[in-house]
Amino acid sequence: DTGVSQDPRHKITKRGQNVTFRCDPISEHNRLYWYRQTLGQGPEFLTYFQNEAQLEKSRLLSDRFSAERPKGSFSTLEIQRTEQGDSAMYLCASSLFRVEGNEKLFFGSGTQLSVL
Amino acid sequence: SQQGEEDPQALSIQEGENATMNCSYKTSINNLQWYRQNSGRGLVHLILIRSNEREKHSGRLRVTLDTSKKSSSLLITASRAADTASYFCATDALNDYKLSFGAGTTVTVRA
């Protein structure tokens, strides 16, 4: 079963360091989303792509965060100069978007980031 | 900001009992979805109900939607230990196709 895969599963870093996460979506899916989730909360939208185009980025997202989806396949999320407040689970999801709607998201298992 | 709010925040029931949780949202929607998350894992889609539907069933799940009250409920019948998880409602507002999630209801099913 080729679901959504994320790498790494866990990342521990020191404050000020840069980190990069990777997401491989389901191959035929045209949309890819990044969400962030902290303990006891629901996923918070960060950004999403349709094919290779980044269509929206959350207003809450700092300039330290950047995401790419070259060639409309896998995606990377980079956080520069990490802060302790960046500690969270970073979730990737993909979907097959159709104009008629009813889009279901398929999530990866997430990358748990701990900033010391 | 999160569109939906689930109620209650936590629920503990005995195996075999039914579990009901509610979701309220703020703006008009295209559809509403429910997802389940086991501890430390990603979310799994459970069921989707369109804005023009009032009730939907899937196995032991029953979802209702009241767009006039901007609310939905998820009923899990004959609960099992494996139903222990967090449950989230998610909505996509009109002309805004991304999903916004609530804070979730944590369900514990005791054997």
Side-chain angles (χ1 to χ4, degrees), chain A residues 1 3-7 9-10 21 23-26 29-50 54-61 88-114, chain B residues 1-10 21 23-26 28-53 56 58 63 65 74 85-108:
Chain A
D1 179 16
V4 178
S5 62
Q6 292 187 246
D7 183 68
R9 283 282 285 130
H10 303 275
F21 310 141
C23 171
D24 287 90
I26 294 171
H29 284 181
N30 53 7
R31 281 203 170 177
L32 186 148
Y33 295 79
W34 285 99
Y35 284 84
R36 176 172 62 191
Q37 186 179 26
T38 53
L39 198 61
Q41 297 298 312
E44 175 189 27
F45 169 78
L46 295 180
T47 188
Y48 83 99
F49 295 82
Q50 179 152 322
Q54 188 173 19
L55 295 188
E56 188 174 343
K57 188 175 174 179
S58 170
R59 293 190 302 274
L60 303 175
L61 207 58
M89 173 79 85
Y90 288 83
L91 293 165
C92 175
S94 70
S95 71
L96 183 60
F97 175 75
R98 297 189 178 96
V99 174
E100 58 265 29
N102 306 325
E103 181 186 6
K104 298 185 294 187
L105 299 190
F106 293 78
F107 281 83
S109 295
T111 294
Q112 182 66 53
L113 173 66
S114 298
Chain B
S1 63
Q2 297 187 311
Q3 156 87 305
E5 289 185 8
E6 286 90 342
D7 173 61
Q9 288 187 335
M21 59 210 84
C23 167
S24 59
Y25 57 92
K26 299 173 185 172
S28 297
I29 59 173
N30 296 306
N31 59 59
L32 185 143
Q33 304 181 39
W34 286 89
Y35 287 78
R36 183 187 72 220
Q37 184 178 36
N38 290 92
S39 180
R41 308 292 294 180
L43 285 76
V44 174
H45 178 266
L46 294 176
I47 194 165
L48 179 152
I49 185 166
R50 299 183 183 125
S51 59
N52 62 355
E53 296 177 315
K56 201 160 183 181
S58 177
V63 170
L65 179 63
L74 172 66
S86 292
Y87 292 82
F88 297 91
C89 69
T91 56
D92 58 339
L94 293 178
N95 302 316
D96 182 6
Y97 295 101
K98 67 179 185 292
L99 284 184
S100 295
F101 289 82
T105 294
T106 300
V107 175
T108 303

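Throughout, protein chains are lettered first and strands after them, A, B, ... in sequence-line order, and every chain is numbered starting at 1. Quantities reported herein were computed from a predicted structural model and do not represent experimental measurements.
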Self-check item: Counterpart residues, side chain to side chain contact (heavy atoms under 4.5 Å, CB included), relative to A/Thr38 (two or more places apart)
Solution: A/Gln41, A/Ala88
Side chain / backbone / both / neither for [X] at chain B, heavy atoms under 4.5 Å:
X	value
A/Arg9	side chain
A/Leu91	side chain
A/Phe106	neither
A/Gln112	neither

Quiz prompt | Residues B/Gln37 and A/Gln37: side-chain donor-acceptor under 3.5 angstrom | solution = yes
Self-check item: All side-chain hydrogen bond (donor to acceptor under 3.5 Å, both in side chains) counterparts of A/Arg31, not counting sequence neighbours
Solution: A/Tyr33, A/Gln50
Quiz item: Do the two ring centres, one from B/Phe101 and one from A/Phe45, sit under 6.0 Å apart?
Solution: no
Practice problem: Establish, for the pair B/Lys98 and A/Tyr48, whether the NZ or CZ atom is under 6.0 angstrom from the six-membered ring centre and no further than 45 degrees off its axis. | Solution: no
Practice problem: Looking only at non-hydrogen atoms, find the nearest pair between B/Arg41 and A/Ser109 and report the distance. | Solution: NH2-OG, 3.3 Å
Quiz item: Around B/Gln9, counting heavy atoms of other residues, nucleotides and ligands shown, do more than 12 lie under 6.0 Å from its CD?
Solution: no
Exercise. Drop me the distance from B/Leu99's CG to A/Glu103's CD, to the nearest 0.5 angstrom.
Key: 6.5 Å
Practice problem: State, with a plain yes or no, whether a side-chain heavy atom of A/Lys104 is found less than 4.5 Å away from one of B/Leu48. | Solution: yes
Quiz item: Are any of the side-chain heavy atoms of A/Pro43 and B/Tyr35 separated by less than 4.5 Å?
Solution: no
